[in-house]
Number of protein chains: 2
Amino acid sequence: MTAVETSPLIRKLSAFATLSTGETALMQRLHRRRKTFVSGRDLVHQGQSEQAAYILAEGWVCSYKLQADGSRQIVDFQIPGDFLGLRSLMLRVSDHSFEPIGSIQASEIMRDELLDTLGRSPRLAAAILWAASRDEAMVVEHLVSVARRDADVRLAHFLLELSARLALVGIGGREGYACPLTQYHLADALGLSAIHVNRILRRLREDRLVTFRGGIVRFDDYDRLLERADFDPAYLDHGGPVLG
Amino acid sequence: MTAVETSPLIRKLSAFATLSTGETALMQRLHRRRKTFVSGRDLVHQGQSEQAAYILAEGWVCSYKLQADGSRQIVDFQIPGDFLGLRSLMLRVSDHSFEPIGSIQASEIMRDELLDTLGRSPRLAAAILWAASRDEAMVVEHLVSVARRDADVRLAHFLLELSARLALVGIGGREGYACPLTQYHLADALGLSAIHVNRILRRLREDRLVTFRGGIVRFDDYDRLLERADFDPAYLDHGGPVLG
DNA sequence: CGCTAAATTGACCCGTGTCAACTGGCGTGG
DNA sequence: CCACGCCAGTTGACACGGGTCAATTTAGCG
């Protein structure tokens with residue numbers, strides 16, 4: 001097994017299409033220019049006009065939008081294998097910001113490199129667009145959560161979604177996973193106050209469903225949590241390769 | 001001016017890139033297979049595995065997700081020139097449904113046609129991906145609205161966003177526009193109850209900001225509404241052609 | 001060992017949901 | 001041509017989920 005085959009992105013795309021050596025090589029070209037970033041300094045900030053995106057290789061990132069009143073809405077978290085800023089690549093200005101959570105590593109991609117890659121292999125294009133579509137489906141699901149689900153369901157749903165995403169790139173499973181997020185992160189992502197997140201985490205813990213403490217999410221009763229969470233993973237489209 | 005040049009989609013894409021005759025011809029090929037649909041019967045329903053998307057030529061559509069408890073969340077409305085189901089094209093199953101509002105006309109596109117078109121012209125690929133990115137940016141903005149904005153700001157923002165989108169394809173302007181939506185549509189889109197939508201519409205009307213009645217949105221004081229709405233249209237990226 | 005950020009807890013308040021009732025317009029069938 | 005029904009819209013009374021403020025504890029770390 002080569003280093004490329006174990007890259008989280010390749011691993012993720014394999015859930016959609018089995019890639020040929022030529023296609024993996026094309027993907028590998030996108031992994032040049034790997035850089036390190038640390039928390040506190042955004043990779044891209046809202047309003048910036050830049051034509052670069054990133055592939056996250058290691059660590060977690062959050063993408064967020066700042067409001068005029070100073071509050072922020074976290075749109076999604078990115079984990080290894082995820083694209084950062086793929087969407088803004090086509091827009092004149094980035095409509096949101098990216099902040100590393102801890103220290104991370106990511107490879108820069110320019111707009112023309114991406115368009116070039118899409119043109120060279122329809123299968124690879126399909127795989128990359130699949131990943132982008134899945135990301136959008138997650139944003140839609142977050143919209144549903146924030147608009148229609150109570151805080152406890154919302155939080156449970158969120159923890160399960162992360163679990164499924166992490167499992168796809170080989171991190172964590174049904175027991176739980178390491179999670180570097182603070183309760184403030186959860187609050188900003190779920191449209192709640194940090195105080196309420198705390199209350200709800202306590203309730204879920206007391207109900208013996210999940211325990212999130214000290215950077216570890218531990219599932220106390222996965223099946224009952226699934227029920228509580230109104231979690232149907234269909235939107236994540238983790239069905240195994242469609243394109244052979 | 002040919003019929004193709006006046007198609008809403010071409011008109012919209014022109015806000016991003018000036019298209020050559022060859023490129024307009026490629027776009028035109030996507031407009032074959034025009035069909036008519038009527039309200040009450042979904043174009044695509046959640047869970048359906050199908051590999052078709054549509055370009056909306058006439059009328060309005062809403063895309064929504066149904067919950068287990070029967071409530072629905074409207075993710076966005078589509079107006080002439082918009083794609084329907086571009087995202088689900090790459091996923092195994094559609095993660096949401098499309099319902100015509102009144103009678104509409106739309107052209108069907110298959111997955112391979114789209115990938116083929118993307119491969120033939122990088123500029124056209126860029127333009128189509130731009131449109132898809134803008135759609136996603138709108139979903140993100142809806143997320144922000146639902147999570148962080150009070151009902152009145154949210155509603156005002158929504159009406160202004162629609163106004164900007166309609167103006168781009170030549171429908172309506174700063175005075176107002178024809179809008180076929182019911183208060184139930186607004187409620188399902190904004191994460192509010194229909195009753196509260198009614199209350200807020202009244203307030204906005206009494207404050208002489210907007211009047212929405214009898215299928216007409218009329219801006220009573222556009223500038224003051226902008227202020228109230230926390231509306232920064234940057235995310236819509238309507239800046240005029242980038243690619244000359 | 002103090003310093004600081006994160007986590008916790010309690011008291012109170014407000015925006016929005018829910019329930020219930022009423023109005024008005026419009027199409028259909030007797 | 002009127003009566004009926006239906007659906008969108010409208011309004012008021014009341015309940016409750018979650019926000020806010022304030023205070024305290026815990027945990028990491030130089």
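Here is how names work: the chains are called A, B, and so on, in the same order as the sequence lines, proteins then strands, and each is numbered from 1. Only heavy atoms go into these numbers, but all of them, side chains included; no hydrogens, no water, no symmetry mates.
- Ring-plane geometry between A/Phe158 and A/Phe77 is classed as perpendicular, the angle between the planes exceeding 60 degrees on a 0 to 90 degree scale with a lower cut at 30.
- In the model, B/His157 has no side-chain atom that pairs as donor or acceptor with a side-chain atom of B/Arg154 under 3.5 Å.
- Under 4.0 angstrom from either OP1 or OP2 of C/dT9 there lies at least one side-chain N or O belonging to A/Arg202.
- Straight-line distance from the CZ atom of B/Arg149 to the P atom of D/dG19: 17 Å, rounded to whole Å.
- The nearest heavy atom of DNA chain D to A/Gly214 and to A/Leu192 marks one nucleotide each, and the one closer to the 5' end goes with A/Leu192.
- One can place NE2 of A/His185 at 14 Å from P of C/dA5, the figure rounded to the nearest angstrom.
- With C/dT16, C/dT18, C/dA7 as the candidates, the nucleotide lying closest to the side chain of A/Thr182 is C/dA7.
- In this structure, A/Leu181 atom CG and C/dA7 atom C1' are separated by 15 Å, rounded to whole Å.
- Look at A/Gln183 and you'll find a side-chain N or O under 4.0 angstrom from OP1 or OP2 of C/dT8.
- Heavy atoms of A/Gly191 sit under 4.0 angstrom from primed sugar atoms or phosphate atoms, though from no base atom.
- Nucleotide D/dT20 holds its C1' atom 14 Å from the CG atom of A/Asp69, rounded to whole Å.
- Atom C1' of nucleotide D/dT10 and atom CD of B/Glu206 are separated by 12 Å, given to the nearest angstrom.
- In this structure, CZ of B/Phe212 is placed 15 Å from C1' of D/dT10, rounded to the nearest angstrom.
- For the 3.5 Å distance criterion, the side chains of B/Arg148 and A/Gln67 fail to qualify, holding no donor opposite an acceptor.
- Relative to the side chain of B/Ile195, the nucleotides C/dT9, C/dC19, D/dG19 differ in distance, and C/dC19 lies closest.
- Between B/Phe37 and B/Tyr54, the gap from one ring centroid to the other is short of 6.0 Å.
- Spacing between atom CZ of B/Arg203 and atom P of D/dT11 amounts to 13 Å, rounded to whole angstrom units.
- Residue side chain A/Arg199 reaches the base of D/dG19 through a donor-acceptor N/O pair under 3.5 Å, judged by distance alone.
- You'll find that the side chain of A/Tyr184 is closest to C/dA6, out of D/dT10, C/dA6, D/dG18.
- Going from atom CG of A/Leu201 over to atom CD of A/Gln183 covers 5.5 Å, rounded to the nearest 0.5 Å.
- A sub-4.0 Å separation between OP1 or OP2 of D/dT10 and a side-chain N or O of B/Arg213 is present.
- Nearest to the side chain of A/His196, among D/dA8, D/dG18, C/dT9, sits D/dG18.
- Computed from coordinates, the A/Asp150 CG to D/dG19 P distance equals 11 Å when rounded to whole Å.
- Here the side chain of A/His142 pairs a donor or acceptor atom with the backbone of A/Val75 at under 3.5 angstrom.
- For A/Asn198, a side-chain nitrogen or oxygen approaches OP1 or OP2 of C/dT8 to under 4.0 Å.
- Nucleic acid contact for B/Ala194: none, since no nucleic acid atom lies under 4.0 Å from a heavy atom of the residue.
- Nearest-nucleotide positions on DNA chain C place A/Leu201 closer to the 5' end than the other of A/Arg148 and A/Leu201.
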